[in-house]
Amino acid sequence: MNIYTKESLIEKLKEISAQGWIENGRHGNDGGIGNTLEDLLGIEENNLPIPNAAEWELKTQRLKTSSLTTLFHIEPSPRAMKFVPSILLPHYGWPHQRAGEKYPETERSFRMTIHGNGRSDRGFGVQIDNKERKVLISFDSSKVGERHSVWLEGVKKNIGLGEIDPQPYWGFDDLEHKAGTKLLNAFYVQAAVKRDKETKKEYYHYSKVLMLQRFDFSGFLKQLEAGNILIDFDARTGHNHGTKFRLRQNCLPDLYEKVTEII
DNA sequence: GGTACCTGGAC
DNA sequence: TGTCCAGGTAC
């Protein structure tokens, strides 16, 4: 376990970048790009060993990715209801693509990425209630696309086609606390990726680093309202990966007051 | 051992 | 661009 000052961490990131291509140390894991960097730094997951470590976050992403940036995980309230495994997955889920193959016949999936600027084709959307200071999940069966008509019949049979009752939500204060503790300051590292055709091994070049300081919660709410921050459900029967708040590409620096280019 | 978090994808 | 999806750990 290495210990860094902020300055020595910056120097270490520059060294790692100068090393060029580095082999993925976590084969078969999509998170390998971030885990490999943590291994190079000699740090443990989500635990930057610098003064005020709790105030710093390390985020790693491929340079040419169309994927969203995960900000944090947080399950919806009321927490005691265990909404995802007890209601959304069984009543609004669907058979997993690999049910009866990789997973049991009964394996179900509830994985969807939704936002505040319209409905998904399963009729789900995000509502912002500024008066109650809540972010709510909503279902409108009239917005379900034709390709999901069989699924919609299942929902009707399971629980009915009205609004989810009660609606899952996150309080502004919960979100602000989560973002404020996890994302207050961040190193945002982007890496080029190549794959050896023979060995199938992946290599990373950590070639771009930004230092982001002072997360702005009002900006977070604005982006949520605009549909640039999305809510991502990620559950199958055997594993709920958790509910994520995610950001459209390259928008991360927009959520901070101060941005410094390190590399 | 289940739940809620973590690291992130391809098409 | 949204619809789907991966292997992990902390407690």
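Proteins get letters first, then strands, A, B, ... in listed order; numbering begins at 1 in each. Any value given below was found using the heavy atoms of this structure, including those in side chains, with hydrogens, waters and symmetry copies removed.
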Which residues satisfy the salt bridge (charged side-chain N to carboxylate O under 4.0 Å, His left out) test with A:E7, sequence neighbours excluded? none
Rounded to whole Å, please give me the gap between CD in A:Q190 and C1' in B:dG8. 14 Å
With respect to the side chain of A:E38, which nucleotide from C:dG2, C:dC5, B:dT7 is positioned closest? B:dT7
Just call it for A:T60: base, sugar-phosphate, or nothing, with non-hydrogen atoms closer than 4.0 Å on any strand. sugar-phosphate
Would you say A:N24 and A:Y204 are linked by a side-chain donor-acceptor pair, where the criterion is simply a distance under 3.5 Å? yes
Which is true for A:N117 with a 4.0 Å heavy-atom rule: it touches a base, it touches only sugar-phosphate, or it touches nothing? nothing
With the threshold set at under 4.0 Å for non-hydrogen atoms, list the residues of residues 97-110 of chain A touching DNA chain C in residue-number order. A:Q97, A:K102, A:Y103, A:S109
Any N/O donor-acceptor pair, A:K244 side-chain to B:dG8 base, under 3.5 Å: yes
Who pairs with A:N158 by side-chain contact (heavy atoms from CB on, under 4.5 Å), at least two apart in sequence or on another chain? A:H91, A:R108
Is it the case that the base of B:dG8 and the side chain of A:R246 share a donor-acceptor contact (distance under 3.5 Å, atom types as modelled)? yes
Does C:dG2 have OP1 or OP2 under 4.0 Å away from a side-chain N or O of A:R111? no
What integer distance in Å separates A:D234:CG from C:dT3:P? 14 Å
Between CG of A:L252 and P of B:dG8 the distance, given in whole Å, is 11 Å
Presence of donor-acceptor pair under 3.5 Å, side chain of A:T70 and base of B:dG8: yes
If I take atom CG in residue A:D39 and atom P in nucleotide C:dT9, what distance separates them, rounded to the nearest angstrom? 12 Å
Give me, pair by pair, the N or O atoms of the protein and of nucleotides 3-5 of chain B that are less than 3.5 Å apart, along with how far apart they are.
| residue | atom | partner | partner atom | Å |
| --- | --- | --- | --- | --- |
| B:dA4 | O3' | A:R79 | NH2 | 3.4 |
| B:dC5 | OP1 | A:R79 | NH1 | 3.3 |
| B:dC5 | OP1 | A:R79 | NH2 | 2.3 |
| B:dC5 | OP2 | A:E75 | N | 3.0 |
| B:dC5 | N4 | A:N240 | O | 3.3 |
| B:dC5 | N4 | A:H241 | O | 2.9 |

Taking atom P of B:dG2 as reference, at what distance in whole Å does atom CG of A:L89 sit? 15 Å
Nearest to the side chain of A:D232, which nucleotide is it out of C:dG2, C:dT3, C:dC5? C:dC5
Can you pull the side-chain hydrogen bond (donor to acceptor under 3.5 Å, both in side chains) pairs that have at least one residue in residues 208-219 of chain A, sequence neighbours excluded? A:R214-A:E257, A:D216-A:S218
In residues 143-165 of chain A, which ones come under 4.0 Å of DNA chain C, going by heavy atoms? A:R147, A:H148
Measure from CZ on A:F233 to P on C:dC4 and round the result to the nearest Å. 14 Å
Can you name the side-chain contact (heavy atoms from CB on, under 4.5 Å) partners of A:T70, sequence neighbours left out? A:H73, A:K244, A:R246
Does B:dG9 have its OP1 or OP2 closer than 4.0 Å to a side-chain nitrogen or oxygen of A:R62? yes
For A:F124, what residues pass the ring-ring contact (aromatic ring centres under 6.0 Å, His included) criterion, not counting sequence neighbours? A:Y92, A:F110, A:F139
Residues in salt bridge (charged side-chain N to carboxylate O under 4.0 Å, His left out) with A:E15, at least two apart? none
Of A:P95 and A:H115, the one whose closest nucleotide on DNA chain C sits nearer the 5' end is A:H115
Stacked cation flag A:K134 on A:Y169, 6.0 angstrom / 45 deg: yes
Partner residues of A:K82 under the side-chain contact (heavy atoms from CB on, under 4.5 Å) criterion, sequence neighbours left out: A:P85, A:S86
Atom pair CG (A:L41) and CG (A:L58), whose distance is rounded to the nearest 0.5 Å: 6.5 Å
Under-4.0 Å salt bridge between A:E202 and A:R62: yes
Sequence neighbours excluded, every pair satisfying salt bridge (Lys or Arg N to Asp or Glu O under 4.0 Å) that has a member inside residues 138-153 of chain A: A:D121-A:R147, A:D140-A:K143
In whole Å, I'd like the distance from the CD1 atom of A:I33 to the P atom of B:dT7. 13 Å
Nearest whole Å is fine: how far is C:dG2 C1' from A:L247 CG? 15 Å
Residues in salt bridge (charged side-chain N to carboxylate O under 4.0 Å, His left out) with A:E225, at least two apart? none
